[in-house]
Amino acid sequence: MSQEVRGNDAPFILDAVERAIIRVPRSSHHGLTRRPTAVKIAGRTHLDLSLLTDIDMSRLPEVVLAARLYHLAHTHHAMVVTGQCALWAHGYGSDPALPPITVAASSAIRPIILPAIAIGTHTFAPIKVKARHVCHLPAFSDTRGLLIESLEAAQITVTRTSPNRRAAFTQLCMIGNAFTHFDNFHLKDSRRHEKFWKELLSAELTRLGNRARGRSQAQWIIAHADAGCASPGEARVLYELCAAGLTGMRTQVEVHTRGRRYFIDCAFPAEKVGIEFDGRAKYGDNPGSIHASLSRERERQRHLEAEGWHIIRTGWHDLDHPDELVAQVRAALAARLG
């Protein structure tokens, strides 16, 4: 999974593309020869680029994805966008950031070949879309003319079917952080929102029944995911601790010292052992901000240690060898327990 899993502008792009879609009647050329800004997407579906002036050219891959979804919506009326593609359409971080088209249908549909698309100097390769045949369609909503799996159902689809539990866990934590608008300075409300979020997910999983594929993996991820993880790195740290069977840790643990209020990324409050994830975003991208950030971090570390905390600092390079991080945490906990 990429190190950044954030929200996206998909709702804005879908809204703009919907207005720019042109469906050509069977018996008419629709005057498209006089509209040089019209690009063929597939079949009788065209896209009028002149209506997309508010979208930067760097977003063309997302525009093409959206246009292809609208083409499928026109040609296959009972097809539901699912999983990562549905999360993208809802405006939440998908994995990958530009997901493949994943759809489900209640009737068997042959694989659909969508042709290559040329827009200026950009060419987008043809793709094959295979609709997953299901007896019962997932919960969905009609959004901007598309049938999109509900946000709760899409999260469950991803947590059930992902071949990478670590990646699915990290992604769910990031979605939870965005969905709950998690705010360290309003922890009580944030945890209440987190509880509601997890109840929605559990209810959706229950709706699928006990025989749903990947149910146990989804249950584990929902139980251990934490909306307090503010970055993919923090979520990865929490995952490694949970996967190793450690318990008693919490995210965003509040500590008051010397007139300051600090929040430790992940901590074992009873033993006063904390883990801080050092990602690039924390330090800025120029020498001045990096120097200032490092100075603040050193002061923060001194203040926490003065309050009796043992702080373990970790980064992406440490997560390449998670067993070593877990061993370090276990050793720190054992030392505190005497």
Side-chain angles (χ1 to χ4, degrees), residues 1-26 29-77 79-105 109-132 143-149 154 157-158 161-162 167 171:
M1 183 168 184
S2 65
Q3 294 181 7
E4 296 297 329
V5 183
R6 298 176 178 172
N8 60 54
D9 295 325
F12 166 73
I13 291 173
L14 286 166
D15 187 58
V17 169
E18 180 190 18
R19 294 195 300 269
I21 286 289
I22 302 170
R23 287 287 293 169
V24 183
R26 289 183 184 276
H29 292 293
H30 205 258
L32 290 179
T33 55
R34 298 190 298 274
R35 300 179 70 172
T37 57
V39 173
K40 183 173 181 176
I41 299 302
R44 296 186 292 118
T45 303
H46 291 70
L47 182 70
D48 189 348
L49 298 179
S50 68
L51 299 178
L52 300 176
T53 54
D54 292 336
I55 298 180
D56 187 86
M57 288 293 285
S58 64
R59 314 304 293 273
L60 272 182
E62 293 164 273
V63 168
V64 169
L65 171 58
R68 282 171 163 168
L69 289 176
Y70 275 110
H71 171 73
L72 291 174
H74 283 297
T75 56
H76 298 79
H77 300 293
M79 187 178 284
V80 178
V81 179
T82 62
Q84 297 289 358
C85 200
L87 290 177
W88 174 84
H90 282 295
Y92 286 83
S94 59
D95 182 19
L98 187 71
I101 293 178
T102 46
V103 291
I109 297 176
R110 291 182 178 180
I112 304 163
I113 304 297
L114 298 180
I117 299 173
I119 301 178
T121 59
H122 302 272
T123 300
F124 298 89
I127 63 172
K128 179 186 289 187
V129 178
K130 295 182 179 180
R132 181 167 55 92
T143 307
R144 304 175 191 84
L146 298 176
L147 301 185
I148 302 176
E149 188 175 30
T157 294
V158 168
T161 62
S162 174
Q171 184 178 9

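Sequence positions, counted from 1, serve as the residue numbers for this chain.
- Partners of His71 according to the side-chain hydrogen bond (donor to acceptor under 3.5 Å, both in side chains) rule, which considers only residues two or more places apart in sequence or in another chain, are Thr45.
- With sequence neighbours left out, the side-chain hydrogen bond (donor to acceptor under 3.5 Å, both in side chains) criterion links Thr121 to no other residue.
- The two residues Gly83 and Thr157 make their nearest non-hydrogen contact at CA-CG2, 3.9 Å.
- Here the straight-line distance linking atom CG of Asp95 with atom CG of Leu87 works out to 10.0 Å at 0.5 Å rounding.
- Residues forming a side-chain hydrogen bond (donor to acceptor under 3.5 Å, both in side chains) with Thr37 (at least two apart in sequence, or on another chain): Asp48.
- In terms of heavy atoms, Ala154 sits closest to Glu149 at CA-OE1, 3.4 Å.
- Note: Ile109 CD1 to Lys130 NZ = 14.0 Å, rounded to the nearest 0.5 Å.
- A pairwise comparison of heavy atoms in Pro99 and Trp88 identifies CG-CB, 3.7 Å as the closest pair.
- For the side chain to side chain contact (heavy atoms under 4.5 Å, CB included) test, residues two or more places apart in sequence or in another chain that qualify with Pro96 are Pro100.
- The nearest pair of heavy atoms linking Ala104 to Thr82 is CB-CG2, 3.8 Å.
- Nearest heavy atoms, Ala73 versus Gly145: CB-O, 3.9 Å.
- The stretch residues 60-72 participates, sequence neighbours left out, in these salt bridge (charged side-chain N to carboxylate O under 4.0 Å, His left out) pairs: Arg59-Glu62.
- Residues Val64 and Ile117 share a closest heavy-atom pair of CG1-CD1, 3.7 Å.
- Scanning for side-chain hydrogen bond (donor to acceptor under 3.5 Å, both in side chains) contacts around Thr143 gives Ser141, with sequence neighbours left out.
- Checked by atom type and distance alone, the side chain of Gln84 never pairs as donor or acceptor with a backbone atom of Ser94 at under 3.5 Å.
- For Arg132, there are no salt bridge (Lys or Arg N to Asp or Glu O under 4.0 Å) partners two or more places apart in sequence or in a different chain.
- The distance from atom CG of Asp9 to atom CD1 of Ile55, rounded to the nearest 0.5 Å, is 9.0 Å.
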Practice task
Mind running side-chain contact (heavy atoms from CB on, under 4.5 Å) on Ile22 and Leu47 for me, showing each step along the way?
Solution key: CA-CA 6 Å; Ile22 302 170; Leu47 182 70; over 6 Å; no
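- Distance check, rounded to the nearest 0.5 Å: CG of Leu49 to CG of Leu60 gives 7.5 Å.
- Listed by chain and residue number, Glu18, Arg19, Arg144 satisfy the side chain to side chain contact (heavy atoms under 4.5 Å, CB included) test with Asp15 (two or more places apart in sequence, or in another chain).
- With sequence neighbours excluded, the residues forming a side chain to side chain contact (heavy atoms under 4.5 Å, CB included) with Pro126 are Ala116, listed by chain and number.
- A distance of 9.0 Å separates CD1 in Ile13 from CG in Leu65, rounded to the nearest 0.5 Å.
- Residues satisfying the side chain to side chain contact (heavy atoms under 4.5 Å, CB included) criterion with Val129, sequence neighbours excluded, are Leu72, Ile101, Val103, Ile112, Leu114, Ile127.
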